[in-house]
S.K.: 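Just passing along the structure, written as structure tokens.
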Amino acid sequence: MRKIRKNQAALNLPTLTLEGGLFLPDQLEKAALGSAQWQTEADYGTPKGLKLKDDYSRAFQIACAQWKHFAAQFERADVDAAALTHTFVRELLHDVFGYTNLQACPGITLGERHYPVSLLAGSVPVVVAPHTLALHDPDPRFAIEGSGSRKKSAFMLTHELLNASTDHLWGMACNGKTLRLLRDAATLTRPSFLEIDLADLLGGQRYAEFANVWRLLHASRSVAIADGNPTECIWEKWRAAGQEEGTRVRDGLRLGVTDALLILGEGFIQHPANDALRNLLHAGELSKDAYFQQLLRLIYRLIFLFSVEERGLLHPKSDPKAKVGAGGTALQDERGQLHPKEDSKAFHAARRAYAEGYAVARLRDLCLKRRARNRFDDHWQALRIVFKGLSEGEPRLALPALGGLFSSHQCPALDAASLDNAHLLATMQNLRWASHKGVLAPVDYRNMG
């Protein structure tokens, strides 16, 4: 059964995981599919008379053969895991992804600190961990001499080297099963990287997805295209293009919020079932300013949901109030509610029910379909259930009681009103998509500051 990654929703590329703001997801997908800038045969160094497909088809056959040999030795006690992985990563980068300048590295010394880097491909340092260690597992072999730390993970070693060095902007960490591409970043508290699941990609012999990865990782992407300046490599240009587009998207979002407020305001007033709301406004019991404030809080609720859903933060891993019996079964709390553990069927069923029937993520693409903009109000009713669940808690959807913005006194007139799908989905389009020169781009709430 194929593994599905938690963060996969941001990308339609199953073997890739994008964490943080390394690339704009939309920009990365274009590059993976070969529709971004700097992706001609000449850009990849393909010989005249050949197509790009010829290059990555040959590379795929080599990579699968290398993986078969590598994976066959995982369980052998007489084989050194570190040496085996080092050989595999070196051959994979050299023979498959075209890093012909790859060479062994005794480490990089900066001031009083020594960074035990395994390989160097031009200006790209590569830290190799044995296949028995995850990239985030601390180990003495990755300790930075002079830092006072006895252990580092392969990923953190690479990250700290890039932050400390002016000559190295991009780097890789790999344990043979997983490869991470990362860049110099100002913070270590929020990781930022592109991760490739090599075990899934090569073990499953996924040719189409290999082509995506090859386009992204090929050595030509790391080479400066002007005056040897590392800021001129293709990765950097893709990243800069994504940031520029992201800025346009955020600017467009400001206008989108304004339009969303107008659409919601009209939608609630016009709905035939909202006599009570209209009477409150007509009698002055609900002032125009108070109505506006409730509309604004509703917008904040939606933006909050977009952000926490895309970052995987909405649901707790387990309920801290749960009482667990000796056999590991979840018991009832003092209110008689069931709080199942993370690995229980009930908890996973609740999260699945939320994702399939209530999550605002469902509406991201649906809001672009005109046929969905009808006079029914089923999507709004689902949202009301979510808002109430986040106010009071709802175990059946695994929703925690957050209160605050979702408390019943924040939007009382709107929570009691109706809203048709036409107005709600038009609002969603303004908040989830930004238009630039007639082209729609999704707003990246996962990585937005």
Side-chain angles (χ1 to χ4, degrees), residues 7 16-25 27-28 89 93 99 101-129 133-175 178-196 216-217 219 221-224 227-244 246-247 311 444 446-449:
N7 299 331
L16 296 177
T17 300
L18 180 62
E19 187 71 40
L22 190 67
F23 297 107
L24 188 74
Q27 177 75 20
L28 184 67
V89 173
L93 292 176
Y99 289 85
N101 59 348
L102 191 69
Q103 57 185 346
C105 181
I108 296 174
T109 300
L110 299 172
E112 298 180 353
R113 296 191 176 187
H114 181 76
Y115 299 81
V117 173
S118 313
L119 298 166
L120 197 60
S123 63
V124 180
V126 182
V127 176
V128 181
L133 277 179
L135 293 179
H136 57 266
D137 287 343
D139 190 88
R141 76 189 76 201
F142 304 119
I144 301 171
E145 295 179 22
S147 68
S149 176
R150 295 181 180 180
K151 291 183 179 180
K152 288 284 183 187
S153 67
F155 174 73
M156 286 307 297
L157 166 61
T158 314
H159 204 331
E160 292 191 26
L161 168 63
L162 296 178
N163 282 8
S165 174
T166 57
D167 297 326
H168 306 96
L169 191 60
W170 293 81
M172 297 182 193
C174 185
N175 66 357
T178 304
L179 185 149
R180 286 183 179 179
L181 174 69
L182 56 155
R183 183 192 182 277
D184 174 17
T187 177
L188 296 175
T189 56
R190 188 179 178 192
S192 181
F193 56 83
L194 174 65
E195 181 176 290
I196 295 92
L216 295 173
L217 281 189
R221 312 296 88 187
S222 71
V223 178
D227 302 325
N229 186 346
T231 61
E232 292 294 321
C233 74
I234 304 301
W235 287 331
E236 196 66 17
K237 287 188 170 293
W238 281 343
R239 183 173 181 273
Q243 288 181 325
E244 182 181 347
T247 300
R311 297 179 188 188
D444 180 19
R446 175 177 172 77
N447 297 307
M448 183 178 291

S.K.: What side-chain donor-acceptor pairs closer than 3.5 Å can you find for residues 110-122, not counting sequence neighbours?
M.R.:
unit_1 : atom_1 : unit_2 : atom_2 : d
His114 : ND1    : Thr109 : OG1    : 2.8
His114 : NE2    : Pro106 : O      : 3.4
Ser118 : OG     : Val128 : N      : 3.1

S.K.: Can you tell me if Trp235 uses its side chain to pair, donor with acceptor, with the backbone of Leu217 under 3.5 Å?
M.R.: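 No.
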S.K.: If I take atom CG from residue Leu179 and atom CG from residue Leu93, how far apart are they, to the nearest 0.5 angstrom?
M.R.: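 With rounding to 0.5 Å, CG (Leu179) is 6.5 Å from CG (Leu93).
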S.K.: Enter the distance from Thr178:OG1 to Leu133:CG here, rounded to the nearest 0.5 Å.
M.R.: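 Result: 12.0 Å between the selected atoms.
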S.K.: Taking only residues two or more places apart in sequence or in another chain, which ones pass side-chain contact (heavy atoms from CB on, under 4.5 Å) with Ser192?
M.R.: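 Partners of Ser192 under the side-chain contact (heavy atoms from CB on, under 4.5 Å) test: Leu22.
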S.K.: Between atom CG of Leu169 and atom OG of Ser123, what is the distance when rounded to the nearest 0.5 Å?
M.R.: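 Between Leu169 CG and Ser123 OG, I get 8.0 Å after rounding to 0.5 Å.
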S.K.: With Phe155, which residues qualify under ring pair (Phe, Tyr, Trp, His ring centres under 6.0 Å), at least two apart?
M.R.: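 Partners of Phe155 under the ring pair (Phe, Tyr, Trp, His ring centres under 6.0 Å) test: His159, Phe193.
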S.K.: Please identify each residue that fulfils side-chain hydrogen bond (donor to acceptor under 3.5 Å, both in side chains) with Ser147, with sequence neighbours left out.
M.R.: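 For Ser147, no residue satisfies side-chain hydrogen bond (donor to acceptor under 3.5 Å, both in side chains) once neighbours in sequence are set aside.
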S.K.: Specify the closest pair of heavy atoms between Val89 and Cys174, including all atoms of both residues, with the distance to one decimal.
M.R.: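 Taking Val89 first and Cys174 second, the nearest heavy atoms are CG2-SG, 3.7 Å.
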S.K.: What is the distance from atom OG of Ser222 to atom CE of Met172, rounded to the nearest 0.5 Å?
M.R.: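 So the gap between those two atoms works out to 6.5 Å.
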S.K.: Please tell me if the side chains of Leu216 and Leu16 come closer than 4.5 Å, counting only heavy atoms from C-beta onward.
M.R.: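 In short, these two side chains touch, coming nearer than 4.5 Å.
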S.K.: Nearest heavy-atom pair of Ser149 and Lys151: which atoms, and what distance?
M.R.: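 Residues Ser149 and Lys151, closest heavy atoms: OG-O, 2.7 Å.
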S.K.: side-chain contact (heavy atoms from CB on, under 4.5 Å) for Trp238 and Arg221? Distances and angles first, verdict last.
M.R.: CA-CA 10 Å; Trp238 281 343; Arg221 312 296 88 187; 3.5 Å; yes
S.K.: So, taking the atom named CD in Glu19 and the one named CZ in Arg311, what distance separates them when rounded to the nearest 0.5 Å?
M.R.: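 It comes to 10.0 Å.
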S.K.: Can you list everything that forms a salt bridge (Lys or Arg N to Asp or Glu O under 4.0 Å) with Arg180? Sequence neighbours excluded, please.
M.R.: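 Applying salt bridge (Lys or Arg N to Asp or Glu O under 4.0 Å) to Arg180 gives Glu195.
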S.K.: For the side chain of Asp139 and the backbone of Phe142, is there at least one donor-acceptor N/O pair under 3.5 Å apart?
M.R.: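 No.
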S.K.: Return the CD1 to CE distance between Ile144 and Met156, rounded to the nearest 0.5 Å.
M.R.: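 It is 8.0 Å, given to the nearest 0.5 Å.
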S.K.: Identify the residue among Asp184, Thr158, Leu181, Leu162 that makes a side-chain contact (heavy atoms from CB on, under 4.5 Å) with Trp170.
M.R.: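 The option that passes is Leu181.
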S.K.: Do you know the tightest heavy-atom contact between Ala129 and Ala154?
M.R.: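 Residues Ala129 and Ala154, closest heavy atoms: CB-CB, 4.0 Å.
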